Amino acid sequence: MAELLRMEGISKRFGSFYANQDVSLQVEEGEVHTLLGENGAGKSTLMNILIGLYQPTEGKVYMRGQEVEISSPGVAVAHGIGMVHQHFMLIDDMTGLENIILGDKRHKSARLQLAEDRKTVEEIQERYGLEIDLDEKVSDMSIGMQQRVEIMKVLFRGADLLILDEPTAVLTDLEVQGLFDIMRSLTAEGKSIIFISHKMREVMAISDRVTVLRRGRSIQTLRVADTTEQELADLMIGQKFQENTYQKVSAPGAPELTLKDVSWHPEVKHGGLKDVSLTLHKGEVLGVAGIDGNGQSALAQLVTGLISPDSGEVEGPDGSKIAVFSPQSFIDAGLGNIPEDRNKMGLVGGMSVAENLVLKQTASDRFSSGHGAWLKMGAINDFAEQMREQNDIRCTSVNQTASSLSGGNQQKVILARELESHPKLLLAVYPTRGLDIGATEFIHNQIIAQRDAGCAVLLISADFDEVLKLSDRITVLFEGQIMGTYTGANPPIKEISLAMAGK
Amino acid sequence: MDVFLMSLPTILKTMVMGAVPILLASLGEVFSERAGLVNIGLEGVMAIGAFVGFAIGKMTGNLWLGLVVGMLAGIAVNLLYGFCTVTLCADQVVTGMAINILAPAIALFGYNLFVGSNPANATGDQMASLAIPGLANIPFVGNAFFNQTLMGYLAFVLVPLVWYFFKNFRFGLSFRSVGENPQAAETLGINVVRVKYLACVLCGALAAAGGAFLTLCYTPIYTDGIVMGRGFIALATVIFGRWSAVGVLGASLLFGFFDGLNVALQAQFQAAPVMFFKMIPYAFTIVALLFFGSKHAGPKANGKPYFREMR
């Protein structure tokens, strides 16, 4: 096979931080080439250089053996490079067709040639089996279809090299299969694909070769046929990777929180709660399994005091009924919370890492005088440095903004803040969503450590494997109701799966 | 009712005349906001256009030259806004406010130099009205719509042109995408910065033309503060008109109608305080915004600065 792309000695510096350092990548025609690496390993930076959004500090790019300077995204398009971004680059207010032809300059006329373009698009649709409703507004499309619009955008511009940035992160299993079919039909026609992912199973299933990135450097390129998941995982995290298994607790402590027939907006099937009863004991992890949108959010809000139940009772550790539902009173009672969306609910993106770390304790004597009137910046910084050390938060300084950290490191900041106060009750909602194996392991270890220290943990996750791995007991939510509660040691997986489907 | 019918031609005439400056400025703002720039400096740009248009028109005796130079002055002022918000990524509201303070002050300075102590210097020529034969004689609406200055006609002709531009032109589509999602536009090879600057040029030219209309067609006497908040009203008409040229036309006419009503009522109830009636168009603006001021409408990236290498 002929070489299509070669990147040599690419470096990209942001301030004093190297996001890429001496990275090399070579892609052949008609192959699926995976770029594998943890969060913050420099995959996105490298791809942003390839499509002209960033300019490399050093290094050269060759297309079909010719050196090219990709000074802007337009140049990348002209060289046949197209990217499907992880966060879609679509205009919500425009139709599928408008999005596809946007910015295209094939027609001499200044006016739009919608009819002609539609024909071209339909031909491509036919050829690769891309199902898109061209006249629907993007905001009304399913995620899967939005992604197909993105792929079509790239194909419409005649791309030979498609970059798919974590395309499966947002898809259901069925949609992933559909995407893989499309990818296969593309490579069969001689197109090349750079596939970015850290889901090992998918990488093994779809790619021809894999280049591993670690901490901004390219480590090695391997044929998938000659390697194993284990070897790739080891290369990716830079040490022998051993997935932990945890001892299950069979005899937990006293109840910490009890829900008795709690309902909240029970008429709402996908978002309400109906007659939910569950008990959370000290020193155990109770996992809530279920397909997203079956009342998990409401349960999380209830346990954090954001909403109060319409009916039913919630009891505290001493069996007394909780009357006041407010986040402050729950925090005072010893709640730690790892929220569902770390950017929206967990962190204040524009504030520094240090400030985020002390957000819950600004009124304490340790970090301020006069109940928060005057912050002790020195103490806050020392504390932040200590937390950074203990939790392996990778940042150039604790004074950089939280939004500039990678997802895994953001989650570590949240975890550090929430666990610092030694919570009696820890709520973890999708705690490892979008994180790589290294960060996931770290967060799992921390959760189990809390359990072993006597904390009651409520784990809500759409990742069934995660629930199975961490939970001492598993309860299943379906349309706001509890379908059953099962033991975490040797769980009846088939029964649980059926319960998740409402059977 | 008879009284109303009697004053209807006056109301309609004032409506059309009053709508033109707002229409021009808000068409400019449509370009600006479609490219993601909320320009609250319209008022200031209009003030510059009004003064420069008046001064050049009076000095040279050529009103059209006055209009063109006024528009150029508006472009210059608005490019200052563009430089701050697009190149330096400064806050749009703060920059717009600065323009609103700076530009009228420049106009006042020029006015003091130009008029000095001779009040005769504050009176200029007006563009002549051109009656369209036949159409101008239609009862009620004829005199209002078909007996305008050429500049007034041009303003109305712009509406379908702008509408067609955004709907059917390739560049119109690209233009809109910049205000909706500049990152996405950039990945498609659209030069976001260039589009934003172009929007500044168009907005500056149109808003200044709106200001110049006031001195060249609306009233012969130049007074300081002649724009009287019309720039802010234009901002409201853009929201009310749903960021479309046709919508903005409707909203401008509606504002003009209330302006006309104000004039008619003033004539009718001479005992009542004038200010009470003058308030009508502005009060209407607030009411309109109460109902149509939803933050969720309009270009998605409107008002947000755009950094290319954002991390």
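So you know, we letter chains A, B, ... as the sequences are listed, proteins then strands, and number each from 1. Bear in mind the structure is a predicted one, so any value in this text is a computation, not a measurement.
Considering only heavy atoms from C-beta on, B:L188 comes within 4.5 Å of A:K153 through its side chain. With a 4.5 Å cut-off on side-chain heavy atoms, B:N181 and A:L90 do not count as touching.
Applying the 6.0 Å contact sphere to CZ of A:R215 captures no more than 12 heavy atoms from other residues, nucleotides or ligands. The 12-atom threshold is not exceeded at CD of A:E69, counting heavy atoms of other residues, nucleotides or ligands nearer than 6.0 Å.
Here the CG-CZ distance, from A:D93 to B:R176, works out to 6.5 Å after rounding to the nearest 0.5 Å. Interatomic distance, B:L173 CG to A:L114 CG, rounded to the nearest 0.5 Å: 8.0 Å.
Of the listed residues (A:H107, A:H85, A:M89), the greatest number of heavy-atom pairs within a distance under 4.5 Å of chain B belongs to A:M89.
Nearest approach of B:S177 to A:M94, heavy atoms of both residues: N-CE, 3.8 Å.
In this structure, chain B has a heavy atom under 4.5 Å from the backbone of A:S109, while its side chain stays farther away. Using a 4.5 Å cut-off between heavy atoms, A:K105 contacts chain B through both its backbone and its side chain. Looking at A:N48, there are no atoms closer than 4.5 Å to chain B (heavy atoms on both sides), in backbone or side chain.
Using a 4.5 Å heavy-atom cut-off against chain A, the contacting residues of residues 154-171 of chain B are B:Y164, B:K167, B:N168, B:F169, B:R170, B:F171. Contacts from residues 189-198 of chain B to chain A, taken as heavy-atom pairs separated by less than 4.5 Å, involve B:G189, B:I190 in sequence order.
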